[in-house]
Trainee: 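Just dropping this structure here.
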Number of protein chains: 2
Amino acid sequence: MLERLKANFPLLHDRWDDYISCFKRMQVAPKTILLKEGDISHKAYLIEKGCLRVSFDKNGTDVTFQFFFENSTVSSIESFTKGLPSEFSIETVEACTLWWIDKTDIERILNEVITIPAMRKQILNTMFERTINYMHHFLSFIRDTPEQRYLNLLEQKPYVVQRVPQHYIASYLGISSVHLSRIKARIARKAS
Amino acid sequence: MLERLKANFPLLHDRWDDYISCFKRMQVAPKTILLKEGDISHKAYLIEKGCLRVSFDKNGTDVTFQFFFENSTVSSIESFTKGLPSEFSIETVEACTLWWIDKTDIERILNEVITIPAMRKQILNTMFERTINYMHHFLSFIRDTPEQRYLNLLEQKPYVVQRVPQHYIASYLGISSVHLSRIKARIARKAS
DNA sequence: GTCAAACGATAACATTTGTTATCAAATACT
DNA sequence: AGTATTTGATAACAAATGTTATCGTTTGAC
């Protein structure tokens, strides 16, 4: 996993062994809570295999608002960066193989890496893309009906629908699981 | 306006005159369109006085999704950075006094400024805050009822409710203007 | 293999929200 | 001042969505 990553960062090869040694591999069962809402985050995760979801409590019901799959990095970014209690929980959906790294290590590496102009550009770009993603995801809540959001998800990220239980998807789409069932039935009716 | 800004960037004072000369001042009437959905953005704006809104077309109806007030910078960030057609329009709500700067100038200044470690930190932090803001705004759509979102807006940004016509606010909250009227009536009823 | 839990579909009913139309008040324009 | 435009409230009705309950199927644990 980490060897594969190396190819993406040719500029860091001389420091790579040091960076790699900061990552620890772990195997986790489904439905394991990696970070609990209200706790302070000290770790970031890199997903080798499996699927995570990020959720929060809304008057007693659990609401999913993001999914993460292979090769993504996951952390409660605000809690991680500012040391505040996390607004979210992070939980495995499937059995996962993860790499985790401690906050202090990440900070050290980042300080070192950001001095390289090409890396700086890449990091800024990643942050930028993340903002754009939030914006688009948010926009689809304003712009589209739940049915359209579901169809978009099917088209743009079919693996989500295939791998994640439906009630998580419903809350991710902002609707009840009953309503998602109805939407699926309606789509099937139209198709026939 | 620009002199006031200077105090925030002590590290840039020796280059400040050059930077300042890139900004042009303009006066604009209410309801003036500064950028039209579909056009490519070449300018960023800094608001000295007045209020802008960012909107897009949803099947023929105009939907507002952001407001900007004094001392904010506004651009169609994706269009501006990537040179893509803008997904949004930018329009004045009130009569405005603005400063605008061309894309090429901004890029030149940014490349220069980002080499200064303290400035780099500040820029990264600004991008970070912007992402967090999107996340929170987005979360309130999932987490809160329209009534709660309106109450939050009243509490956290009362000037928005005071300065912006109600139908813009309704679409900003993701509801029809009729529904916002009902919510206000319900709140008034409860209060009495 | 058996049992319990998780998952998903569906029905019935309640609530929320949108749409259209109408009216009154405020504002802008000339 | 007079008129048109914008703004906001409200009513009546339609559509969308949530809630609760039930049932069959699948999955997982032992």
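Just so it is clear, the values below take in all heavy atoms, side chains as well, and ignore hydrogens, waters and symmetry mates. Residue numbering restarts at 1 for every chain, and letters A, B, ... go by the order of the sequence lines.
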Trainee: Are F141(A) and H137(B) close enough that their ring centers fall under 6.0 Å?
Mentor: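 No, too far apart.
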Trainee: Does D18(B) come within less than 4.0 Å of R15(B), counting only side-chain N to carboxylate O?
Mentor: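 Salt bridge: yes.
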Trainee: Once rounded to the nearest 0.5 Å, what's the spacing between atom CD1 of I101(B) and atom CG of L46(B)?
Mentor: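 One gets 9.5 Å once the value is rounded to the nearest 0.5 Å.
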Trainee: When you compare the side chains of T64(B) and R53(B), does any donor N or O come within less than 3.5 Å of an acceptor on the partner?
Mentor: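 Result is yes, a qualifying pair exists.
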Trainee: Would you give the length of the straight line joining atom OG of S86(B) to atom CD of E37(B), rounded to the nearest 0.5 angstrom?
Mentor: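 Between atom OG of S86(B) and atom CD of E37(B) there are 7.0 Å.
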Trainee: Expected output is a numbered-order residue list: members of residues 158-174 of chain B with a heavy atom under 4.0 Å from any atom of DNA chain D. What is it?
Mentor: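 Heavy-atom contacts with DNA chain D come from P165(B), Q166(B), H167(B).
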Trainee: Ring centroid separation for F65(B) and F88(B), is it under 6.0 angstrom?
Mentor: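 Yes.
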Trainee: Starting from the 5' end of DNA chain D, give me the residue, K31(B) or A185(B), whose nearest nucleotide shows up first.
Mentor: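 Between the two, 5'-proximity favours K31(B).
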Trainee: Let's see if you get this right: which residues in residues 176-184 of chain B place a heavy atom under 4.0 Å from DNA chain C?
Mentor: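 Nucleic-acid contacts, sorted: S176(B), V178(B), H179(B), R182(B).
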Trainee: Tell me if a side-chain donor or acceptor on K103(A) pairs with a main-chain N or O of S41(A) at a distance below 3.5 Å.
Mentor: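 No; zero donor-acceptor contacts below 3.5 Å.
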Trainee: Report yes if the side chains of F67(B) and K157(B) come closer than 4.5 Å at any heavy-atom pair, otherwise no.
Mentor: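 F67(B) vs K157(B): side chains apart.
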Trainee: Taking atom P of dT16(C) as reference, at what distance in whole Å does atom CG of D144(B) sit?
Mentor: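 To the nearest whole Å, that distance equals 16 Å.
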Trainee: How many whole angstroms separate atom CZ of R189(A) from atom C1' of dA9(C)?
Mentor: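 To the nearest whole Å, that distance equals 13 Å.
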Trainee: So, taking the atom named NZ in K58(A) and the one named CD1 in I142(B), what distance separates them when rounded to the nearest 0.5 Å?
Mentor: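 That separation rounds to 8.5 Å.
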Trainee: Going 5' to 3' along DNA chain D, between which two nucleotides do contacts with chain A fall, using a heavy-atom cut-off of 4.0 Å?
Mentor: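 The protein-touched segment is dT17(D) to dT20(D).
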Trainee: Ion pair present between E70(A) and K49(A), side-chain N to carboxylate O less than 4.0 angstrom?
Mentor: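 So E70(A) pairs with K49(A) through a salt bridge.
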